[in-house]
Colleague: 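A single structure is presented below for examination.
Numbered from 1 within each chain, the chains take letters A, B, ... in sequence-line order. Nothing here was measured: the structure is a model prediction, and the numbers come from that model.
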4 protein chains.
Amino acid sequence: MALGSPFNESEFSNAMIDTGWQRKKDERPGEILDAALDLFVEKGFRATKMEDIARAAGVTKGTPYLYFENKEELFKAVVRETQVAHVTSMRERAAGHSGSATELLFALLEDWWKESGSTRLAGLCKLMMAEATNFPELAAFYYAEVIAPSRAMMTSIVEFGVARGEFRPLDVAAAVDALMAPIITSMVWNHSFGAMPGVAPVGRHDYASLMASLSLLLNGLTAR
Amino acid sequence: MALGSPFNESEFSNAMIDTGWQRKKDERPGEILDAALDLFVEKGFRATKMEDIARAAGVTKGTPYLYFENKEELFKAVVRETQVAHVTSMRERAAGHSGSATELLFALLEDWWKESGSTRLAGLCKLMMAEATNFPELAAFYYAEVIAPSRAMMTSIVEFGVARGEFRPLDVAAAVDALMAPIITSMVWNHSFGAMPGVAPVGRHDYASLMASLSLLLNGLTAR
Amino acid sequence: MALGSPFNESEFSNAMIDTGWQRKKDERPGEILDAALDLFVEKGFRATKMEDIARAAGVTKGTPYLYFENKEELFKAVVRETQVAHVTSMRERAAGHSGSATELLFALLEDWWKESGSTRLAGLCKLMMAEATNFPELAAFYYAEVIAPSRAMMTSIVEFGVARGEFRPLDVAAAVDALMAPIITSMVWNHSFGAMPGVAPVGRHDYASLMASLSLLLNGLTAR
Amino acid sequence: MALGSPFNESEFSNAMIDTGWQRKKDERPGEILDAALDLFVEKGFRATKMEDIARAAGVTKGTPYLYFENKEELFKAVVRETQVAHVTSMRERAAGHSGSATELLFALLEDWWKESGSTRLAGLCKLMMAEATNFPELAAFYYAEVIAPSRAMMTSIVEFGVARGEFRPLDVAAAVDALMAPIITSMVWNHSFGAMPGVAPVGRHDYASLMASLSLLLNGLTAR
DNA sequence: CATGAATGAGAATTCATTCAT
DNA sequence: GATGAATGAATTCTCATTCAT
């Protein structure tokens, strides 16, 4: 697992004395969630076997059931846990920003990319889209907790930009769509066709590429 | 099945003598592909049962196996058949266009949306993304036959626009990414969260919304 | 099919005017039985598909059912038809023999071998042994029509040899067993391990080998 | 299961702590192999259902798959396990023999009969012959591990007999064929027609009958 | 008579889940 | 808490058999 796990500081942890077995015990759920995230992202929900998750977490078949009702609940827990970290950090960063709307947009998308787009969380986002119709309530949760807040943040920045005359008067919803589309496309891409050998170049879908798209959008393609 | 099936005019059909039973034979594969497309799009590959496809096509369990080796081959056939129609029509339309690059882009994306984005084909596109890592060769086929050509078309239009001074000199690849992102996002959206009751408004992801995004991209957000 | 089919002169044939279509029609069942014999011998009962038999007989899937109730009946018919020819010819030859018991035994076993042991009928014999417990009545038929008569014939020859002082007084049943064992073993062998590439030499199981075994049995191994 | 199972002392067993559940684990594979041997011998490979094997072993459908990849591997395991015991005991007995070639032959065939011919192993031998063409590699294994060694043993005894003047100079291969044919025929017989009610008397195919055949072969039928 | 599309019972195999240890 | 043997519902795929043409 490349980038820091979002689970080890989750609600499952505790700050008690951290000695050997006790610590082990408290980390179990986090380790299982972590392994589950990896496997769900890699193979999808149906194709991921509980036993594989258990083995990847270093436990045996029955253990995940001590912490999670069933496979579906485990999946939901993965999504929830992941988003807790994600949304929290998004909010903290947004709150601390200042400067022009343009600067804010660049900063926010940069953070978003670095925090999520380029990590396993992007895979989770793609997975949620793939499984949304199979898990309606989970999708509703994801929508409410991740998508709507993100969009609200973007919306207020665009409105701020228009208010201060930085952006011309425009269709705010459309602008937000246009601003979010490249990062969403990139996240999905990197976990679908982009993962295939030799298929990289439908756009690079890396950070530089994303920033280039954003610049184009801000300035327009049309010659003045 | 709401919008016109791409299968009924496929290689499987024939317009010959149309007498009851015999007629069935020629239509069967198309009917099965059609039912399969619906169900795969709705539930994904793993969650779709062969027997459900059969029932949806009005036949029994064994019948799909008369025409398709197994579930995976049926899935591949769905993708291939669908794309034949799609890519062909894309090319025909592109060939017939004239006018400014801007007009071309609008026309092409409009066609794309009406042809694919708003139909079950969008669901297939989303499905391919969801299943890409599970079906590498199929993903390669899809990439080669659908994605790469589409992108090539967009690229030449942008280059044309730059050449004739309509667009300012720019990073063509990034521009193409930015142009394609909204329609891709919309297609995925409409078959994931967008399909949930009461979740419409993360952007409308309809035709008007798409055109609005395109306009913004062409003109920029930034005030002059 | 190498050696002459036993079916074309079967009860299914008729001696009527033999012109084109009419003839075709009358040969159908024989052609199906012939194909079935080949395939049953090659693959066994369960692994042989009705459609393969039909195809091998140059007809389509439904046709065998016009002549045979079902797969089991077809199998039984194969066995019965085959044995009609076999037992008949055995009897004719036995009736015509004269000379010493030893000469009779050699002649009879030679005929047996040439008529059955070295042809597809040996495969059928092996198949009957393999399937005996699955088809009790058929096995009973085979036993009654093929095995018992063959054995009776051998028994009377041995008794004849003892009576005329050619053989010493002995356990006739054991002698018959010992005389029949090599040819039975050879028939089974040639359609099991003997059919494997590079496995020939557990005894050659050909005509010369069979005669050598017979000679040994008649003369004994022991030095005088 | 009448005669002692070859499995209960196999590598799968262990004599360790014997407490309920845990004990089961070690016995399971042996119980399944045992049940499988019975059923395969009785019905043949194709006609034997995995679920029946499971039930016969006192477990449910899925359990055999915990120990054997699939039906074919289970079949192979049955053959291999059975032969381990068989070939080992054959070798031990052969090594311990002394005396004349005639005595050796009688002793060896007696052992062979008692060890294999009259037990379920004879059924396995018949099964291997029935399925040889369906499982070429398994047949090759059986040939190499069972048939070839047995034949080699017989061959060296006959050669020994000729060398010491006990047997007259003869075609050794033919002699071995003739010596082995009765026991092979008996093994096959007892698991095909011989298993049918009221069909016993094509030779008794029991121990006494076998020894009688052997005596005849050694002494010859012909009057001196 | 012959065809071959369609049927549907049946068998192999998988895997989420349970529970005695 | 943890284990992992066992379960059995679920699913894919096969193929003997039927019957409208």
Colleague: In terms of the nearest nucleotide of DNA chain F, which residue is placed more toward the 5' end: T60(A) or F45(C)?
Modeller: T60(A)

Colleague: Could you check K61(A) against R46(C) and say which one's nearest nucleotide on DNA chain E is further toward the 5' end?
Modeller: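 With K61(A) and R46(C) compared, the 5'-side residue is R46(C).
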
Colleague: Work out how far the P atom of dC1(E) is from that of dT21(F), and round it to whole angstrom.
Modeller: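 Going atom to atom, P in each nucleotide, I get 22 Å.
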
Colleague: Short question: side chain of K126(A), backbone of V41(A) - any donor-acceptor pair under 3.5 Å?
Modeller: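 No: the side chain of K126(A) does not pair with the backbone of V41(A).
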
Colleague: Look up atom CZ in F45(B) and atom CE in M128(B), then write down how far apart they are to the nearest 0.5 Å.
Modeller: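 Output value for this atom pair is 11.5 Å.
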
Colleague: Testing the basics here: between G44(D) and L127(D), what is the closest heavy-atom pair and its distance to 0.1 Å?
Modeller: CA-CD1, 3.9 Å

Colleague: Can you see whether F141(D) has R80(D) sitting over its ring - NZ or CZ less than 6.0 Å from the centre and within 45° of the normal?
Modeller: yes

Colleague: Roughly how many Å is it from CZ in F75(D) to P in dA11(E), rounded to a whole number?
Modeller: 19 Å

Colleague: For dA6(F), does either OP1 or OP2 sit under 4.0 Å from a side-chain N or O belonging to R28(D)?
Modeller: yes

Colleague: Does Y142(B) have any ring pair (Phe, Tyr, Trp, His ring centres under 6.0 Å) partners at least two apart in sequence or in another chain, and if so, which?
Modeller: F193(A)

Colleague: Rounded to the nearest angstrom, tell me the gap between atom CD in E31(D) and atom P in dA6(F).
Modeller: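 Computing the E31(D):CD to dA6(F):P distance gives 9 Å.
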
Colleague: Y65(A) has an atom OH; how far is it from atom C1' of dA20(E), in whole Å?
Modeller: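 Distance, rounded to whole Å: 18 Å.
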
Colleague: Which string of ( ) [ ] | and . matches DNA chain E, if you list each base 5' to 3' and count Watson-Crick or G-U pairs only when both distances are under 3.5 Å?
Modeller: .||||||||||||||||||||

Colleague: By a strict heavy-atom criterion of less than 4.0 Å, which residues belonging to residues 47-58 of chain D are in contact with DNA chain E?
Modeller: T48(D), K49(D), M50(D)

Colleague: Could you go through residues 50-65 of chain D and list every donor-acceptor pair under 3.5 Å that involves a side-chain atom there, pairing it with any protein atom two or more places apart or in another chain?
Modeller:
residue	atom	partner	partner atom	Å
D52(D)	OD1	R55(D)	NH2	3.2
T63(D)	OG1	T60(D)	O	3.4

Colleague: Determine the minimum heavy-atom distance between P29(C) and F68(C), stating which atoms define it.
Modeller: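 Distance-wise, the nearest heavy atoms are O-CZ, 4.2 Å.
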
Colleague: Given atom CD of E72(A) and atom P of dA16(E), what is their separation to the nearest angstrom?
Modeller: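 Roughly 13 Å, once rounded to whole Å.
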
Colleague: With rounding to the nearest 0.5 angstrom, report the CD to CZ distance, E131(C) to F75(C).
Modeller: 5.5 Å

Colleague: Mapping L66(C) and G62(D) onto DNA chain E by nearest heavy atom, which one lands closer to the 5' end?
Modeller: L66(C)

Colleague: I'd like to check the side-chain contact (heavy atoms from CB on, under 4.5 Å) partners of E42(B); sequence neighbours left out, ordered by chain and number.
Modeller: L39(B)

Colleague: Check DNA chain F against residues 129-138 of chain A and give the residues with a non-hydrogen atom under 4.0 Å, in numerical order.
Modeller: none

Colleague: What is the distance, rounded to the nearest whole Å, between atom CG of L74(D) and atom C1' of dT13(E)?
Modeller: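 Checked: the CG to C1' distance equals 13 Å.
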
Colleague: Determine whether a donor-acceptor pair (N or O, by modelled atom type, separation under 3.5 Å) exists between the side chain of K76(A) and the backbone of E137(A).
Modeller: no

Colleague: Provide, to the nearest angstrom, the distance between the CD1 atom belonging to I32(B) and the P atom belonging to dA5(E).
Modeller: 12 Å

Colleague: Return the value, rounded to whole Å, for the distance between atom NZ of K71(D) and atom P of dT14(F).
Modeller: 15 Å

Colleague: Between atom OH in Y67(D) and atom P in dG4(F), what is the gap in whole Å?
Modeller: 12 Å

Colleague: Please identify each residue that fulfils salt bridge (Lys or Arg N to Asp or Glu O under 4.0 Å) with E69(A), with sequence neighbours left out.
Modeller: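 Partners of E69(A) under the salt bridge (Lys or Arg N to Asp or Glu O under 4.0 Å) test: none.
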
Colleague: How close do T133(B) and H191(A) get, heavy atom to heavy atom, and via which atoms?
Modeller: CG2-O, 3.9 Å

Colleague: Return the 5'-most residue of the pair N70(B), T63(D) with respect to DNA chain F, ranking by each residue's nearest nucleotide.
Modeller: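 Residue closer to the 5' terminus by nearest nucleotide: T63(D).
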
